[in-house]
Amino acid sequence: MEGAGRRRQNAIYRAGVLGRRPAVPTDFAELERRARKASSAAGWAYVAGGAGEGRTMRANRAAFDRWAIVPRMLRDVAERDLTSTLLGTDLSAPLLLAPVGAGQLIAADADLHTARAAAAAGVPYIFTNQGGTAMEETAAAMGAAPRWVQLYWSTDEALVDSLIQRAEAAGAGALVVTLDTTVLGWRPQDLNLGSLPFAKGLGIAQYTSDPRFQELVNTHKSDKSDKSGKQEITLQAIRSLISITRNHPGRFWANLRSPKPRASVETFLGIYSNPRLSWDHIATLRERTRLPIVLKGILHPDDARRAFDEGIDAIVVSNHGGRQVDNAIASLDALVRIREAVGPVPKIVMDSGIRTGADVFVALALGADAVLLGRPYMYGLAIAGQRGIEEVIANVIAELDLTMALTGIKNLAEITRDVLVPRGTLSS
Ligand code: FNR
């Protein structure tokens with residue numbers, strides 16, 4: 001039987017005979033370079049940028065370099081099985097697409113392209129709470145393909161309930177509550193451009209499509225920072241107004257005459273994150289949804305233990321791709337500590353720094369049950385739209401499959417800590 005790796009290699013090499021090249025580069029460095037060229041300055045700052053001096057992003061990658069895979073020979077690996085089940089969701093490979101907000105900065109209808117690509121590739125997509133398309137529409141683009149929904153805990157509890165109910169109705173297989181963004185990190189790339197996508201009406205479609213949010217907008221009192229009531233009119237102010245107007249549901253000209261689009265942005269900025277978030281909020285979740293609950297953004301072993309003690313179904317060990325705290329622990333290092341603390345059973349997903357199939361392999365060997373792919377698929381989107389995302393996913397899975405074959409491994413359960421040694425040591 002031909003595995004995912006050889007299938008992908010054959011497709012590329014056969015097309016190569018006809019003079020065709022893959023739509024996106026198959027190595028990360030070139031993928032990133034081409035994506036940068038294809039993106040606007042503000043789009044690139046937002047997607048590729050990180051917190052502070054970028055140390056957490058670099059640490060996320062450096063952590064992978066501290067481990068080495070030790071291949072084994074002569075183990076008959078003709079049949080390989082990459083499948084597993086996570087919280088009742090069948091995975092064709094141990095990979096899900098991470099929630100990535102404000103994708104419109106990279107491509108129009110980013111969420112729909114991502115949803116269709118995920119469905120075509122057979123990989124679940126975690127819808128972002130900061131989407132550019134309402135979750136119902138994104139779900140419709142996927143048919144019956146698996147999706148989870150991510151939530152940012154708003155200061156308005158009725159909005160939290162409304163978003164959860166919509167996630168259930170949209171067929172979510174799990175609710176992923178992101179904990180690490182109760183305030184936005186210090187992001188110099190965005191700050192230097194004065195660029196916040198939400199302020200331009202990007203990435204707030206889950207809100208503007210929500211009945212509870214609309215109630216909040218209707219009762220919103222405009223908070224004019226300029227006491228004279230006059231806003232300075234600059235070219236950028238006009239551009240922002242057009243962006244806000246265009247991204248609001250409904251017709252452009254009607255929106256332009258209405259105060260609603262601007263009130264929506266102001267309302268959003270006032271309520272979208274909740275620095276008061278605590279374990280008390282999390283304790284209410286079980287009563288509020290029948291979905292499996294996943295907490296994303298856990299980095300400390302004590303937080304992981306507490307999550308499982310509270311009956312949480314899974315955690316995502318993540319530092320948000322190094323976008324929140326500069327000089328934070330690498331996500332892979334946190335994974336090692338957390339797996340050690342909670343033992344082998346609790347479900348752990350890991351993200352932040354996954355770039356290749358070999359990275360997936362190392363994360364699994366260090367105790368992850370699955371990983372999330374983040375920036376790489378956005379880079380595929382930037383270069384070649386839906387097709388670009390599909391190829392990025394296929395490439396990562398192909399390399400994982402080939403790495404398994406070449407290290408003498410037939411299924412995911414065999415990818416254990418024993419297949420690795422710390423790089424630079426001579427221990428067996
Ligand atoms: C994110 N991430 C994120 N996470 C989340 O829970 N909700 C969100 O809306 C977003 N938005 C978002 C936007 C952009 C542009 C990026 C790059 C990331 C974090 C994301 O889910 C994931 O944790 C990181 O992308 C993992 O890091 P790498 O591997 O992409 O570097």
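Indexing begins at 1, ligand by ligand and atom by atom, following the structure's order.
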Exercise answer: donor-acceptor pairs, residues 144-152 side-chain atoms, under 3.5 Å, sequence neighbours excluded:
residue : atom : partner : partner atom : Å
R147    : NE   : A145    : O            : 3.0
R147    : NH1  : A170    : O            : 2.7
R147    : NH2  : G143    : O            : 2.5
R147    : NH2  : A145    : O            : 3.0
W148    : NE1  : T89     : OG1          : 3.0
Q150    : OE1  : N129    : N            : 2.9
Q150    : NE2  : T178    : OG1          : 3.1

*Applying salt bridge (Lys or Arg N to Asp or Glu O under 4.0 Å), name anything that partners D333, two or more places apart in sequence or on another chain.*
R66

*Do you know which two heavy atoms are closest between G353 and N60, and how far apart they sit?*
CA-CB, 4.1 Å

*Sidechain N-carboxylate O distance under 4.0 Å for R8, E399*: no

*Return the set of residues passing salt bridge (Lys or Arg N to Asp or Glu O under 4.0 Å) with R212 (not counting sequence neighbours), or none when no residue passes.*
D156, E215

*Identify, chain by chain and in numerical order, each protein residue with a heavy atom under 4.0 Å from an atom of ligand 1.*
Y46, V47, A98, P99, V100, G101, T128, Q130, Q150, Y152, T178, K296, S318, H320, G321, R323, D351, S352, G353, I354, R355, G374, R375

*asked:* Less than 4.0 angstrom from a charged side-chain N to a carboxylate O is my criterion; do E391 and R387 meet it?
replied: yes

